[in-house]
Amino acid sequence: MKMTEIAIVGGGPAGLSAAVSAAASGARVTLIERDDHLGGQLKKQTHMFFGSKKQYASTRGVDIADILQEQLAKYKDRVEIMTDATVIGIYEDGILTIEQNNKYIKMQPQRIVVATGASEKFLTFPNNDMPGIYGAGAVQTLMNVYGVKPGNNVLMVGAGNIGLIVSYQLMQAGVTVKAIIDAAPRIGGYLVHASKIRRMGIPILTSHTVKYAHGKDSLEKVTICKLDEKFQPIPGTEQDIEADVMCISVGLSPLAELLWQIGCKMTFVPELGGHVPLRNGEMETSLKGIYIAGDVAGIEEASSAMVEGRLAGLCAAKGLGYEAENYEDLRKDCLEQLNSLRSGPVGEKILKGLSKVTA
Amino acid sequence: MLQNTGIPTKEDIAGVTPSLERRSKGPVAVIECYQKIPCNPCYTSCKFGAIKEFKDINDRPEVDFDKCTGCGQCVVNCPGLSIFIIDESYSDKEALVKIPYEFLPLPGEGSFVTALNREGEPVCRAKVVKIQNAKYQDRTPVVSLTVPKEYSMEVRFFNIEDYFSDNTYVCRCEELTMGELRDLIRMGYRSVDEIKRISRAGMGPCQGRTCRQLIMQELAKATNQDMKDMPMTTFRPPVKTIKLGALLGGDKDE
Ligand SMILES: Cc1cc2nc3c(=O)[nH]c(=O)nc-3n(C[C@H](O)[C@H](O)[C@H](O)COP(=O)(O)OP(=O)(O)OC[C@H]3O[C@@H](n4cnc5c(N)ncnc54)[C@H](O)[C@@H]3O)c2cc1C
Ligand code: SF4
Ligand code: SF4
């Protein structure tokens, strides 16, 4: 059995930040990531991020991943990084089981930070299993990780930030985006993203949905239609869009299986994307010693995921007696950053969701 | 509406437009960021204090146009790519519009591109006069276009393909290109005859057989007229080019 002080599950912005602050406080940390590289979603984000300087605004996501890894490298002696390693279970006695290169590893940490991120939601419509229909994440991975063009003509479904950004990246890769559609009457993503895509001539059709996908062996055409205020299809508004790729980007839900397994108290909060764990102000769940950070705690942004990670790492370390020198200041700074990021109209929904899960 | 389509309304735009007086004085930032979002690099990157202090990270940027030097620092720091530099002092008729452009290939300096409006519709032909792509810009090149002044607050993107190609000849005999033709129309020449006199289009060997129709089409489009209402050119002999000597010789019987 492997031993460690703090096990961090997931090497995205939340997990990396948690590892940095826990190690900086003095704790021994093991960071476990199922991919062959760290960075999580950041690795695929070639665009500049929002936020403020403290969350590396104006820096491209992929570069933020490198910055966080450099910070972590300072504590090499205290940090173990396991890549290609998937945590497949967490048990009530606090034991983690890990699969790494076909090997089964057991680990006993004293504290656990779960930062597993999110999974993509999908849509139901006839023929939704046809080749050519992807989740936005898959399209991004193909394009930005493997350098493979997913197709030539894309219909993007979902006008949230992810749908808008992936459309922009597709255009950068030389793929034509025929249209972006969204069932909601309003664009969900940031309007600056929407405007920047619209001025490239890509129509954004709100109150529209997919009715049918057509094709022989793979996607050739999509019938879309308009929706009324009650989200009901309006007969006669059907139109066909020729596309060999349909990219579904209709939201994320927290990837919380491990938290269910171990028995954290969970509740369904639509504002946060689905079932999420209850937590206190230190990012600790209903189970002592089990912390959370990032999208698994509620779908938000990398900016807040990093701050939550910092906070969780700081508090988990303190729980083990590793109190950072300026612990109180650091903790307050995290809380202030989170408050400020969530203080505007975009944060209203998040705050409403958080009020249902924070003790 | 912006919320439904991504296209800002006239009122939205009016709210962020510097005065004509300011625009004619020299380069100035136009920030088209209309929504409160947690983002502030425009403010923190401006070294001239031209963007009002953000009390809250969700504040919308407000430019003090008198303090703004048009340096463009904010343009490359804005993750929304929603900042443009407008300079109407560029020349008598033309304004400079600086646009952040994260696409490859970059257009060549000196080449012509198709300027697009906020809906991605072609507006006019634009010349690429400069491309800035320094290290500090971190892979957000800024392309400077010259456009007719009246389009400075309309042009917000471009297509590298030159739809209104100057390279396309409208009149092959006298070498009038589509771009030159459009410039002439913009300058106020409104009939085929006027255009013929100023550019010689139609006065070459073919005597307008190629260009007449094309010029009329272009004029009809630019002035929103139907082809059938367009005035025809005046036809005078000779219908083909002939040697002056042939005329001087006169008719045998004369
Ligand atoms: C297209 C797109 C654009 C975005 N743009 C922005 C933006 O501009 N600004 C912004 O702030 N945010 C942006 N985001 C959001 C941001 O990327 C996420 O909010 C952020 O990555 C969440 O961080 P995380 O660490 O919680 O999760 P992730 O980044 O998803 O990381 C989770 C990690 O955990 C690993 N993992 C999961 N399960 C296991 C397991 N069982 N064992 C081991 N490892 C596991 C995963 O492989 C992954 O690496 C964007 C997201 C997308 C998809
Ligand atoms: S152009 Fe320069 S001076 Fe003007 S607001 Fe932007 S950074 Fe400030
Ligand atoms: S940096 Fe750009 S997107 Fe961010 S607030 Fe300023 S103008 Fe808006």
Side-chain angles (χ1 to χ4, degrees), chain A residues 46-61 63 159 161 164-165 168-169 171-174 180 182 184-207 300-301 303-304 337-348 350, chain B residues 1-8 12 31-45 54-61 73-74 76-84 99-105 114-123 137-140 154-159:
Chain A
T46 49
H47 61 285
M48 292 187 265
F49 273 36
F50 292 88
S52 74
K53 263 192 196 137
K54 279 190 174 163
Q55 301 95 30
Y56 314 106
S58 293
T59 306
R60 295 176 193 281
D63 298 331
N161 273 334
L164 296 174
I165 288 167
Y168 182 70
Q169 294 178 355
M171 293 294 284
Q172 286 181 311
I180 302 175
D182 200 303
R186 288 162 161 247
I187 293 167
Y190 290 167
L191 298 177
V192 279
H193 279 322
S195 298
K196 112 181 153 190
I197 286 153
R198 181 60 240 211
R199 63 180 185 253
M200 291 163 47
I202 303 175
I204 302 176
L205 307 171
T206 43
S207 296
E300 216 176 326
E301 298 262 359
S303 41
S304 42
Q337 285 189 51
L338 287 173
N339 280 338
S340 123
L341 286 170
R342 292 164 179 161
S343 64
V346 184
E348 263 168 36
I350 302 288
Chain B
M1 232 191 43
L2 180 60
Q3 283 272 357
N4 316 109
T5 60
I7 308 164
D12 289 334
I31 305 194
E32 307 200 7
C33 179
Y34 303 104
Q35 184 187 28
K36 285 179 144 230
I37 52 174
C39 182
N40 70 9
C42 49
Y43 159 61
T44 50
S45 67
F54 276 43
K55 294 255 152 46
D56 177 322
I57 191 175
N58 289 283
D59 284 351
R60 277 186 50 202
Q73 183 69 40
C74 55
V76 294
N77 274 288
C78 167
L81 302 189
S82 60
I83 311 183
F84 308 87
I99 296 173
Y101 185 75
E102 298 177 325
F103 291 83
L104 288 172
T114 308
L116 307 177
N117 64 12
R118 296 179 183 84
E119 301 178 41
E121 290 165 348
V123 176
Q137 294 175 241
D138 188 23
R139 293 156 287 172
T140 301
E154 230 177 279
V155 170
R156 286 300 174 263
F157 202 62
F158 64 89
N159 190 311

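Chain letters run A, B, ... following the sequence lines, proteins first and then strands; every chain starts at 1. Atoms considered below: every heavy atom in the structure, side chains included; atoms not considered: hydrogens, waters and symmetry mates.
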Does any backbone or side-chain atom of A:D182 lie under 4.5 Å from a heavy atom of chain B? Answer side chain, backbone, both or neither.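 Looking at A:D182, nothing touches chain B.
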
Checking heavy atoms, do the side chain of A:F49, its backbone, both or neither come under 4.5 Å from chain B?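 Contact with chain B: backbone only.
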
If I measure from the heavy atoms of chain A, does B:T140 come under 4.5 Å with its side chain, its backbone, both, or neither?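 When you check distances to chain A, atoms from both the backbone and side chain of B:T140 fall under 4.5 Å.
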
Given that the side chain runs from C-beta out, which part of B:L81 has a heavy atom under 4.5 Å from chain A: side chain, backbone, both or neither?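 Both backbone and side chain.
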
Residue pair [X] / [Y]: nearest heavy atoms and the distance that separates them:
| X | Y | result |
| --- | --- | --- |
| A:M48 | B:P79 | O-CB, 3.4 Å |
| A:L341 | B:P38 | O-CB, 3.5 Å |
| B:I57 | A:G51 | CD1-C, 3.7 Å |
| A:F50 | B:C39 | CD2-SG, 3.2 Å |
| A:R199 | B:N117 | CB-O, 3.7 Å |
| B:E119 | A:R198 | O-NH2, 2.9 Å |

For residues B:Y34 and A:L191, determine if any side-chain heavy atom of one lies less than 4.5 Å from a side-chain heavy atom of the other. no

Give a yes or no on whether the ring-centroid distance for B:F103 and A:Y168 is below 6.0 angstrom.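 B:F103 vs A:Y168: aromatic centres under 6.0 Å.
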
Side-chain donor-acceptor contact under 3.5 Å, B:D56 with A:S343: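 The answer is yes; a qualifying pair exists.
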
Rounded to the nearest 0.5 angstrom, the CD-CD1 distance for B:Q3 and A:I204 is 11.5 Å

Interatomic distance, B:N40 atom CG to A:K54 atom NZ [nearest 0.5 angstrom]: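 These two atoms lie 11.0 Å from each other.
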
Most heavy-atom pairs under 4.5 angstrom with chain B, which of [options]?
| options | answer |
| --- | --- |
| A:R60, A:H193, A:K53 | A:R60 |
| A:S195, A:A194, A:S207 | A:S195 |
| A:V346, A:T59, A:I202 | A:V346 |
| A:E301, A:R342, A:M200, A:H47 | A:M200 |

I'd like to verify something: which residue of B:E32, B:R139, B:R156, B:E121 has the highest number of heavy-atom pairs under 4.5 Å with chain A?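 Looking at each option in turn, the highest pair count goes to B:R139.
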
Which of B:T44, B:L116, B:D138 touches chain A most, by non-hydrogen pairs under 4.5 Å: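 Heavy-atom pairs under 4.5 Å are most numerous for B:D138.
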
Does the pair A:V192 and B:Q35 meet the rule for a side-chain contact (heavy atoms from CB on, under 4.5 Å), with working shown? CA-CA 8 Å; A:V192 279; B:Q35 184 187 28; 5.8 Å; no

Given A:T206 and B:N4, is the side-chain contact (heavy atoms from CB on, under 4.5 Å) satisfied, shown in steps? CA-CA 6 Å; A:T206 43; B:N4 316 109; 3.6 Å; yes

Less than 4.0 angstrom from a charged side-chain N to a carboxylate O is my criterion; do B:E102 and A:K196 meet it? no

